[in-house]
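The figures that follow rest on heavy atoms only: side chains count, while hydrogens, waters and symmetry mates do not. Residue numbers begin at 1 in each chain, while the letters A, B, ... track the order of the sequences.
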Amino acid sequence: GAGVSQSPSNKVTEKGKDVELRCDPISGHTALYWYRQSLGQGLEFLIYFQGNSAPDKSGLPSDRFSAERTGGSVSTLTIQRTQQEDSAVYLCASSLRQPGGPGGELFFGEGSRLTVL
Amino acid sequence: ELKVEQNPLFLSMQEGKNYTIYCNYSTTSDRLYWYRQDPGKSLESLFVLLSNGAVKQEGRLMASLDTKARLSTLHITAAVHDLSATYFCAGSQGAQKLVFGQGTRLTINP
């Protein structure tokens with residue numbers, strides 16, 4: 001597709017269940033980010049993938065959160081044993097290249113809204 | 001580590017007025033980005049500022065970058081209701097992750 005695609009757009013789950021959120025970046029984009037945005041708040045960085053480099057996982061809030069990016073394209077963010085405080089919109093973004101050079105502009109998906117009951 | 005701070009965080013203004021949103025960053029940033037977010041929507045890229053003194057304009061919005069002062073500004077001229085949104089600035093250092101400011105929620109009243 002032309003843009004960053006995320007699924008599901010909405011997910012309601014019960015506390016303690018695992019969830020998987022998927023991101024399809026723009027074709028050819030080497031950098032992929034996951035951010036979290038709680039209601040009315042700013043963007044909380046979670047994880048950053050750049051090409052074949054080791055991902056920057058410094059923003060993952062706990063070991064219940066993990067993400068992988070297969071074949072340099074699709075990424076999955078997994079939240080295990082979900083808690084109510086995990087409720088938020090999870091945004092994925094991709095860019096053609098690394099942020100500091102040409103093509104570093106991020107393009108965002110529409111987000112996955114997670115509600116943990 | 002790069003830190004990005006915006007002010008004000010909330011801004012309510014009347015149509016027709018001018019105002020400026022400020023974005024300060026803590027260390028050298030290779031480039032500066034501005035994004036817009038409408039309620040319930042994702043982020044939309046507005047401007048990419050590449051070098052000291054860069055100025056970009058689109059309609060009633062103008063962004064500028066002063067790398068010596070580590071400051072970017074987003075100026076709104078003769079505001080209209082359609083510009084109500086949350087505006088984010090973001091900076092980066094080399095290949096490191098993009099760091100966002102807290103966002104400025106702008107409300108423009110008739």
Side-chain angles (χ1 to χ4, degrees), chain A residues 2-7 9-10 23 25-26 29-60 67 88-113, chain B residues 1-11 21 23 25 27-51 54 56 58 63 65 67 72 84-107:
Chain A
V4 177
S5 177
Q6 291 187 245
S7 61
S9 54
N10 278 287
C23 174
I26 294 172
H29 279 198
T30 63
L32 186 148
Y33 295 76
W34 284 98
Y35 290 91
R36 178 167 73 174
Q37 188 173 34
S38 300
L39 186 63
Q41 301 299 308
L43 293 166
E44 178 186 3
F45 166 76
L46 297 177
I47 189 168
Y48 162 48
F49 297 90
Q50 174 57 53
N52 295 321
S53 302
D56 178 349
K57 303 180 181 180
S58 61
L60 294 178
V89 176
Y90 289 81
L91 291 166
C92 176
S94 70
S95 66
L96 185 60
R97 295 185 182 88
Q98 64 196 31
E105 180 183 4
L106 260 61
F107 295 86
F108 282 82
E110 292 297 312
S112 292
R113 182 177 299 275
Chain B
E1 182 177 318
L2 176 64
K3 296 190 187 311
V4 180
E5 292 191 353
Q6 292 180 233
N7 74 85
L9 300 183
F10 298 92
L11 177 56
I21 299 171
C23 175
Y25 51 97
T27 63
T28 303
S29 178
D30 295 306
R31 47 191 59 203
L32 202 293
Y33 302 83
W34 283 95
Y35 288 85
R36 167 181 173 149
Q37 185 179 36
D38 292 300
K41 302 291 186 182
S42 192
L43 279 76
E44 172 192 356
S45 178
L46 292 175
F47 301 108
V48 180
L49 300 169
L50 304 178
S51 60
K56 289 198 172 179
E58 179 74 33
L65 179 62
T67 57
S72 180
S84 296
T86 299
Y87 293 85
F88 291 92
C89 65
S92 67
Q93 285 181 297
Q96 296 179 29
K97 62 181 181 287
L98 212 59
V99 178
F100 281 81
Q102 313 95 307
T104 297
R105 186 177 299 180
L106 174 63
T107 303

Engineer: If you round to the nearest 0.5 Å, how far is CD of A:Glu105 from CG of B:Leu46?
Structural biologist: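 The distance works out to 9.5 Å.
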Engineer: Checking heavy atoms, do the side chain of A:Ser58, its backbone, both or neither come under 4.5 Å from chain B?
Structural biologist: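 The answer is the side chain of A:Ser58.
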Engineer: Looking at chain B, which one of A:Gln37, A:Gln41, A:Arg113 has the largest number of heavy-atom pairs inside 4.5 Å, strictly under?
Structural biologist: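 Option with the top pair count is A:Gln37.
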Engineer: Can you name the nearest heavy-atom pair linking A:Ala93 to A:Leu106, along with the distance?
Structural biologist: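 Closest pair (atom of A:Ala93, atom of A:Leu106, distance): CB-CD2, 3.7 Å.
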Engineer: Hey, what's the ring geometry for A:Phe108 with B:Phe100, parallel, tilted or perpendicular (30° and 60° as the breaks)?
Structural biologist: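 Aromatic pair A:Phe108/B:Phe100 classed perpendicular.
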Engineer: Under 4.5 Å from any heavy atom of chain B, what part of A:Leu91 do you find: side chain, backbone, both or neither?
Structural biologist: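 Interface part for A:Leu91: side chain.
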Engineer: Is chain A contacted by the side chain of B:Glu44, its backbone, both, or neither, given a heavy-atom distance below 4.5 Å?
Structural biologist: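 Neither the backbone nor the side chain of B:Glu44 comes within 4.5 Å of chain A.
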Engineer: Once rounded to the nearest 0.5 Å, what's the spacing between atom NZ of A:Lys57 and atom CH2 of A:Trp34?
Structural biologist: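 That separation rounds to 15.0 Å.
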